[in-house]
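One structure below.
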Amino acid sequence: MEFGLKKRARHEVKVEVASLETKYPHNVMMYHYPPTEDVHIDEFEELALERLRLLRVLDRASTRNLRVLSDEWKEIVSADLTREGLRSYLRLCSNGGSGKHEADIQTRRRDYLSHFILRLAYCRSEDLARWFVAREMELFRYKFAALSSAEVKQFLESNGFEIHPLTEDQKDEVKDGLYESTAGQSVAKIELLDFYKVPFTQVLDLVRGRRCFLKAGYAYVNTHDLVSLVGTKQQDEIEQGLQAAKTMVDDVEADDRISRTLKALHNSYTGRDYTICRDAAVPIESLDQLSKTSMPLCMRICHEHIRANHHIKHTGRMQYGLFLKGIGVTLEDSLRFWREEFTKKMDADKFTRSYEYNIYHNYGKKGSMVNYTPYSCAKIIKDVAGPGDCHGCPYKNMDQGSLKSKLSSYGLSASAIEEVMFFVSRGHYQIGCGKYFQLTHNSPVEPSINHPNNYFEESQMAMGNRQKRANGSAPPKARIRPDIKGHGDRSMLMGDDDDELWRIAETQERIMQSQKDISEAFNDDLDLTQIDY
RNA sequence: GGCGGC
DNA sequence: GCCGCCAACATA
Ligand code: SF4
């Protein structure tokens, strides 16, 4: 692939439609030939982010645990695409075929290029690649499903598949078998369907599911099921492409702007459309950053443990999960976050079965609909962690030695560490925590910490990201509900749509920006092993 | 992780 | 083996 990075004037980016049409004759294409066109770096970045948004729409849909291509799935996806301003892709995916409108053809080009761009970003690890391939295949199936019989035929021809639909005569010979093996279709429908005769080895999943007629080593596959064959081909194509991309990635990354784009891509915040009153929730893409700048030790440790091990034990999930809710991570993002991590060590199904419920429950969306308050320091300090655990208050739980080295690995100078340890060794964990805050934010005063979420907010405030909580969104109006079981405190019940409890007041850009500022400043200090205090 | 249900 | 339900509580 040659992404020549010539600086071009913007208006030249629109390549001649005529030549595009021959290049991209069809909405659905095999991603086989790497693009040879030169792409300006601005467009390169734009395309990368655009496809990321596209794939994340699909990801969100599968997070909801819907069957791909089910009506409900399509509904969600198309709503989400519209919301993301990706209508053009919606057309690409639902209008099937080979329209001749200029806009559609431009979209095909973007589709094609952006796919190849993301290959560069997603070839760098197994995990990323797996995610990428899964989303791409969902996209492919989505597009393919919109094709009519004629369009499928055309697709096969223009992509060098040597298969042709049965002629009427051929179809006649096997029609009994077809009737029998085509579930849920009336005879009349079957008459109209195209069928393809292919070696059964190419559609093993259909064979396994008894979804096609078999005869003499050949499977008879109808137009719709053909996606099985074509899809496998496409998947090979992409997987091989990722392999190939690995070898050329160094080359492309010679340009450091590209290199930065690509590396930052998979956890970059794609700027959700907040028009729908979802303003200023904390996107999970910024958690890595936040864990370094604004989370207290206990939470940062959880976060890093999760990222490293793709798992965390139950009490840790409670502690960190509720904390995340408290800082403004939405339910959807929470689900996505845990899922993305855990799914690296278990299949999606297992995750859904054993963890999803609890996340909903923590957000007050299941059972008695109680919306739980995140753990306080007192609580966290109380429950001591066992061997495999990483929850609890590190100041309390860790032995002095490992605590010290942890602090130093987080950039504290020797003298700063001593200052923290002074309190810790006396059992004043929260004060030590406050000291750590003061040192890392180089703040004039040391705040008294008694709640991790308080620490977080204090930190955001120090960075100028969050204002004092607006009066309007103060803690929930207690809506008392009769105490059903005669025990427990149910005073914090919340209405279904009372979700956005605590939020950040400023825009996303500012948050990201000053986090960067802080961590850069912090890193400078780090090199000098001395922090001003 | 606990409790509970089949 | 499958599943549902629970825990919490700072706070200006
Ligand atoms: S003092 Fe509170 S906030 Fe700080 S680490 Fe311990 S539990 Fe977390």
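In this text the structure is predicted, and so the values were computed from the model without any measurement. Order of the sequence lines sets the chain letters (A, B, ...), proteins ahead of strands, with each chain counted from 1.
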Worksheet item: What is the distance from CG of A:Leu322 to P of C:dC9, rounded to the nearest Å?
Response: 9 Å
Item to complete: Starting at atom CG of A:Asn362, determine the distance to atom P of C:dG4, rounded to an integer number of angstrom.
Response: 15 Å
Worksheet entry | Side-chain donor/acceptor contact of A:His451 with base of C:dA8 under 3.5 Å | no
Practice prompt. Show your reasoning for whether side-chain hydrogen bond (donor to acceptor under 3.5 Å, both in side chains) applies to A:Tyr320 and A:His303.
Written response: CA-CA 8 Å; A:Tyr320 191 55; A:His303 183 79; 2.7 Å; yes
Fill in: Nearest-angstrom distance from the residue atom CD of A:Glu356 to P of C:dG4
11 Å
Worksheet item: Which nucleotide in the set C:dA7, C:dT11, C:dA8 lies at the smallest distance from any side-chain heavy atom of A:Thr373?
Response: C:dA8
Worksheet item: Which is true for A:Ser376 with a 4.0 Å heavy-atom rule: it touches a base, it touches only sugar-phosphate, or it touches nothing?
Response: sugar-phosphate
Worksheet item: Partners of A:Asp71 by side-chain contact (heavy atoms from CB on, under 4.5 Å), sequence neighbours excluded?
Response: none
Worksheet item: Which part of the nucleic acid does A:Arg317 contact within heavy-atom distance under 4.0 Å: base, sugar-phosphate only, or nothing?
Response: nothing
Response to the item:
Atom NZ of A:Lys366 and atom C1' of C:dC5 are separated, to the nearest Å, by 11 Å
Discussion item. In this structure, how many angstroms lie between the P atom of C:dG4 and the OH atom of A:Tyr355, rounded?
Written reply: 15 Å
Worksheet item: In terms of the angle between their ring planes, are A:Tyr122 and A:Phe132 parallel, tilted or perpendicular, with boundaries placed at 30° and 60°?
Response: parallel
Item to complete: Check whether any side-chain nitrogen or oxygen of A:His361 sits under 4.0 Å from OP1 or OP2 of C:dC5, and answer yes or no.
Response: no
Discussion item. Any carboxylate oxygen within less than 4.0 angstrom of a Lys/Arg side-chain nitrogen, looking at A:Lys379 and A:Asp383?
Written reply: yes
Worksheet entry | Contacting residues from residues 382-398 of chain A, given that a heavy atom lies under 4.0 angstrom of DNA chain C | none
Worksheet item: SG of A:Cys377 to OH of A:Tyr455: how many Å apart, nearest 0.5 Å?
Response: 10.5 Å
Fill in: Between A:Asn371 and A:Lys325: side-chain donor-acceptor atoms closer than 3.5 Å
yes
Response to the item:
Considering only heavy side-chain atoms of A:Arg353, the closest of C:dC5, C:dT11, C:dC3 is C:dC3
Discussion item. Using only modelled atom types and a 3.5 angstrom limit, is any donor from either the side chain of A:Asn358 or the base of C:dC5 paired with an acceptor on the other?
Written reply: no
Discussion item. What is the distance, to the nearest angstrom, from the NZ atom on A:Lys313 to the P atom on B:G2?
Written reply: 10 Å
Worksheet item: Just how far, in rounded Å, is P of C:dG4 from CD1 of A:Ile359?
Response: 14 Å
Worksheet item: Is A:Arg317 close enough and on-axis enough to A:Tyr355, meaning under 6.0 Å and within 45°, for cation-pi?
Response: no
Item to complete: Would you indicate what A:Tyr375 reaches in the nucleic acid, counting non-hydrogen atoms under 4.0 angstrom: base, sugar-phosphate, or nothing?
Response: sugar-phosphate
Worksheet item: Given that A:Ala378 and A:Tyr357 both sit by DNA chain C, which one's nearest nucleotide is further toward the 5' end?
Response: A:Tyr357
Worksheet entry | Rounded distance in Å - OH (A:Tyr372) to P (C:dA7) | 4 Å
